[in-house]
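Encoded as structure tokens, the structure appears first; notes follow it.
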Amino acid sequence: MKKQRALFFSGSTRYAVASFVLPIVILAGVYFSIGIYPGSKISILASDGFGQYANFFASFNNLMKSDQSIFYTWFGSLGLNYLALISYYLGGIFTPFVYFFDNQNIPDFIYYLTLVKIGFAGLAFWFFSTQTFHLPKWGKLLLSVSYALMGFTIANSEMVMWLDGLIYFPLVILGIHLIMDKRQPWLLFISYFLLFISNFYIGFMIGVYSFLYFVVRLFTNRTRYLKCLPSYLLTSLLAGGASMVLLFPALVDLRTNGEALTTIKSWKTAATGPWDLVVKNMVGVYDTTRYGSIPFIYVGLLPLVFCLFFFLSKKILLRKKICYGLLLIVLVTSFYVEPLNLFWHGLHAPNMFLFRFSFLFSFTILLLAGYGWSVYKREDFEQVVNIFLSLLVLFTVARVFTAKSQQYDYLTYTSFILTLIFLAVYLVFFFCNYKGKGQTKILICLFMGTFFFEIGVNTRLLVKGIQDDWGYAERSGYEKDYKDIQKLVKQTKNENDSFYRMENNTASSPNESFRYGYSGIGLFSSIRNRHSSFYMNTLGFRSYDTNLSIRYQNNTILMDTLMGVKYNLSSTDVSKAGFEKINTMGDYQLYKNQYALPMGILTDEEIYDKELANDPASLLLALSGNEEALYATAFPEIIKTENVILKEGVKYDKNTLILKAKEKNKPLKIKWKIAVNPHSQVYLDLFPADFRGQERTEIHVTSDKQKTRTPLTKTGQFYSLGDYETAQDITLEAIFYYTDQLELVDPTVMMLNTEKYAKAAQKAQEKGVEFQAKGRKATATVTTEKEQILFTTIPADKGWQAKVDGEKVPIRTINDGLLSISIPAGKHHVEFLYRPQGLLLGSFVSLMCIVSFGAYQYYLIRRNKY
């Protein structure tokens, strides 16, 4: 045994290294060809890579270099369960390496991280291949590179945390082999454990597939493998239990704050068609990773040939063909049948990046290709030739039938011709091998070179597809103002001992607060506090549908006051009552809000009135004790339009304006005149009658004092027109981009009386309670002459507990969104402490499962010894 291991390492090390290095070299070369490399002008950040992962990695970097808590963060959406966020976005053994990078260089970290993970995926499959297939080492290398750079990997490369699952996937399957063939459970336990703590989402898919795979393999030799079932189930359960330290708190959080299960509305999956599997097996076919895409299943033409050979060869038992064929049928059916498709996604429809389980199909193709290739001999040449010719005909027929179909308009002649050329070249190699006396080194090298070239071409075309579809963000979009903003954020921290919030009016992402480490409002994340976001949505912040995101932009100064937004960052001028410019760094300005309230306010039972708490003006008046109305409403007068056919309409019992473009692909412009009252903060209240179909629409609103540019459907509806001290007539212009028709609820103008607002804010400040928020604690000293309610802007979450003078007290919520407690008369120390629900139980279960598996492994070793 020792001799065999030594032989393996000495003879195979260079191929193992190549399985790691080659995918990295190919992908790095492709990135370099479009201008992406360390320090390049263009970054690797695209889609969620820019908006989510870059900021979340930066937050983890801040965590490791400070005294922040791993359980809770104040840096997004008022406050958030950070452990759950880690388990979804930042799990795995590679994340801590961000420590060696500055936050300004996160794009480079993600670049290296992507390459390294893809390299390890290739290495993992190489290790799996060496223990599974009877192939020459170079053949195993080809399959490993194919796995690392398969279509799913490249098309979804922005989702860098999914790549961890692809690393452990081959090891999970190899672990099943070891249990079934050698009664060794250790690899399955370790790989399952690492898989689940790295990314439980992809882990769920692999977990289901691996169970199906075990069943399939069991039926290939039921007599031999049935007795392995208890060991497999025990190992799987213990591995899942061992991961509960991260998994259980995340699952509890998802159950509390996650989205509802998707309702099944049809049996057929949308956008799928009869030629999907054929088209997506051609070289370099990219449709989109937005809505309306079909699965990415490409693994190379050669594996496809040998997979078909697996089913046609008489050297492979019919039982094996049936069992593995049924596994493929289940996966293919899951692409087309909506209930099965939803099941693989945890019964929840994905938000773009569809068919996230398609890598399971690709792995199965490679698996069967390895088995088929293992039994291929020279006498099988004619059968393989027939497969090549059949594929040539099939791809040609697919091209003919889809040439005029809009459904497959992304299938280019380039992809079609390249596919035919590579098939023809491979066929020539097989012919040369058949006619020659053996596999010469030159022939093998040319064969491998052709294969790597095919994989490289496919990778290049898919990366170019991502660039055209999403666009790789320029580095300047991430780091241009980084140092300036960082200095301004540091200034605010030096000025304050108690808790406060700040926001960036011109942020590049709603998650930007995570990058710079300030307490913000915005968030775009699958892990979120839906209760607080829903409540904030009722108060005017845009957090629609399932509250996947919440946006700070286009709200009122009332909400700045109520939520304690003490500072604004902005690259444009800000005209907001109470906000004074206090510093400038580069293109960015820092504004301080003199009317911001602290985290706590002493008030009375009136605060629990649902209607009162759902209206910002009423809420501020209740907290202050004032009763004067704050708002006046006016109607703007249209004075000019451009490229607009204007009509009036009614929708959902509301008067509407219908704007239709005279010329398509040109912006719609409309100009209003408004008579402004003195001492007014003025807002244009504008939103579409129907948000559907307007996802790409941008709006630019320009007034005498303020300019705003935001996506129409993603931010709030109150467009600030500025702060005016005297009565006057002003004009404003709204320009709508990327739309040809738009229906707006009849716009109104809201004028907030700044004198009355200032009095109300100042009276509320007198009742304020300053909190110190650090880690997972928020503490304060409260003095009151009578029993009162302490209203706080801490987001409601069942993980919170409150103590007054060290004794636990009940918590009440404000419309399920914010926390409050009752404070008795006198001077008291108040403490809010957060602990993720399920953490203690999850930790206990993890410890017990690890100990239990250790005992089980020891038992097996002792049994084998004696």
Side-chain angles (χ1 to χ4, degrees), residues 69 71-72 74 78-80 496-501 519 529 531-532 535-536 539 558-566 595-627 759-835 837:
S69 171
F71 300 125
Y72 198 79
W74 298 97
L78 302 184
L80 195 66
N496 293 272
D497 295 325
S498 57
F499 182 82
Y500 64 96
R501 293 189 173 96
S519 301
N529 187 328
H531 300 289
S532 64
Y535 178 54
M536 297 289 279
L539 293 175
L558 286 181
M559 289 306 299
D560 285 327
T561 293
L562 290 168
M563 295 300 121
V565 179
K566 195 171 184 178
Y595 299 131
L597 298 180
M599 181 183 279
I601 305 290
L602 288 170
T603 184
D604 52 39
E605 292 281 341
E606 183 186 15
I607 203 68
Y608 296 120
D609 181 276
K610 188 172 183 178
E611 292 186 5
L612 179 150
N614 278 349
D615 177 64
S618 299
L619 184 57
L620 178 60
L621 291 175
L623 293 174
S624 66
N626 284 11
E627 296 182 356
K759 291 178 182 179
Q762 289 166 350
K763 283 194 174 183
Q765 284 175 332
E766 294 172 3
K767 304 176 181 180
V769 176
E770 298 285 357
F771 272 81
Q772 283 72 46
K774 187 175 183 181
R776 61 192 183 104
K777 288 183 179 181
T779 59
T781 299
V782 183
T783 303
T784 176
E785 296 180 355
K786 60 179 181 179
E787 182 176 348
Q788 286 189 285
I789 302 300
L790 178 60
F791 165 91
T792 78
T793 55
I794 301 173
D797 188 301
K798 291 184 179 179
W800 284 108
Q801 60 175 261
K803 294 181 179 180
V804 175
D805 298 329
E807 293 187 7
K808 191 174 179 180
V809 297
I811 294 176
R812 294 177 67 180
T813 66
I814 309 298
N815 288 4
D816 295 326
L818 302 174
L819 301 184
S820 68
I821 59 174
S822 179
I823 301 291
K827 184 176 181 180
H828 304 282
H829 176 74
V830 174
E831 177 183 80
F832 287 88
L833 180 66
Y834 185 81
R835 184 175 65 210
Q837 282 189 292

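These numbers come from a predicted model, not from an experiment.
W74 is listed as a side-chain neighbour of M599, based on a closest heavy-atom distance under 4.5 Å. Under the 4.5 Å side-chain criterion, counting only non-hydrogen atoms from C-beta, V565 is not in contact with M559. In this structure, the side chains of H531 and T813 stay at 4.5 Å or more apart for every pair of heavy atoms. In this structure, R776 and L833 have side chains that are in contact, with non-hydrogen atoms separated by less than 4.5 Å.
The shortest non-hydrogen separation linking T779 to H829 is CB-CE1, 4.0 Å. Of all heavy-atom pairs between N529 and A796, the closest is ND2-O, 2.6 Å. Across S519 and Y500, no two heavy atoms sit closer than the pair CB-O, 3.6 Å. Among all heavy-atom pairs drawn from L612 and D609, the shortest one is N-OD1, 2.8 Å. Heavy atoms only, all atoms of each residue included: P810 and I821 are closest at O-CG2, 3.7 Å.
Atom CZ of F791 and atom OG1 of T603 lie 8.5 Å apart (nearest 0.5 Å). Note: M563 CE to L597 CG = 9.0 Å, rounded to the nearest 0.5 Å. One finds the CG atom of L623 at 6.5 Å from the CG atom of L562 (value rounded to the nearest 0.5 Å). From L819, atom CG reaches atom OG1 of T792 across 5.0 Å, with rounding to the nearest 0.5 Å. The line from OH of Y834 to CD1 of I794 is 12.5 Å long, rounded to the nearest 0.5 Å. With rounding to the nearest 0.5 Å, the separation of OG in S498 from CD in E770 is 3.5 Å.
Remark: the backbone N or O of A596 is paired with a side-chain donor or acceptor of Q765 at under 3.5 angstrom. At least one donor-acceptor pair closer than 3.5 Å links the side chain of D604 to the backbone N or O of E606. Panel note: side chain Y535, backbone P795; no donor-acceptor pair is recorded below 3.5 Å.
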Inset, instruction - List the steps and the verdict of side chain to side chain contact (heavy atoms under 4.5 Å, CB included) for I607 and L619. - result: CA-CA 7 Å; I607 203 68; L619 184 57; 3.3 Å; yes
Legend entry - Test log, rule side-chain hydrogen bond (donor to acceptor under 3.5 Å, both in side chains), inputs Y608 and S820: CA-CA 10 Å; Y608 296 120; S820 68; 2.7 Å; yes
Inset, instruction - Just do the side chain to side chain contact (heavy atoms under 4.5 Å, CB included) check on V769 and I601 with the steps written out, would you? - result: CA-CA 6 Å; V769 176; I601 305 290; over 6 Å; no
Inset, instruction - Please assess L78 against M536 for the test side chain to side chain contact (heavy atoms under 4.5 Å, CB included), listing each intermediate value before the final yes or no. - result: CA-CA 10 Å; L78 302 184; M536 297 289 279; 3.8 Å; yes
Inset, instruction - Evaluate the side-chain hydrogen bond (donor to acceptor under 3.5 Å, both in side chains) criterion for residues K566 and N496: first the C-alpha distance (whole Å), next the side-chain angles of each, then the deciding distance (0.1 Å), finally the verdict. - result: CA-CA 10 Å; K566 195 171 184 178; N496 293 272; 2.6 Å; yes
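Judged as a side chain to side chain donor-acceptor pair (under 3.5 Å), and not counting sequence neighbours, S624 has no contacts.
For the side-chain hydrogen bond (donor to acceptor under 3.5 Å, both in side chains) with H828, the lone residue among T783, T784, D805 that qualifies is D805.
The environment of NZ in K767 is crowded: more than 12 heavy-atom neighbours from other residues, nucleotides or ligands sit within 6.0 Å.
Taking the six-membered ring for Trp, W800 and Y72 have ring centres closer than 6.0 Å.
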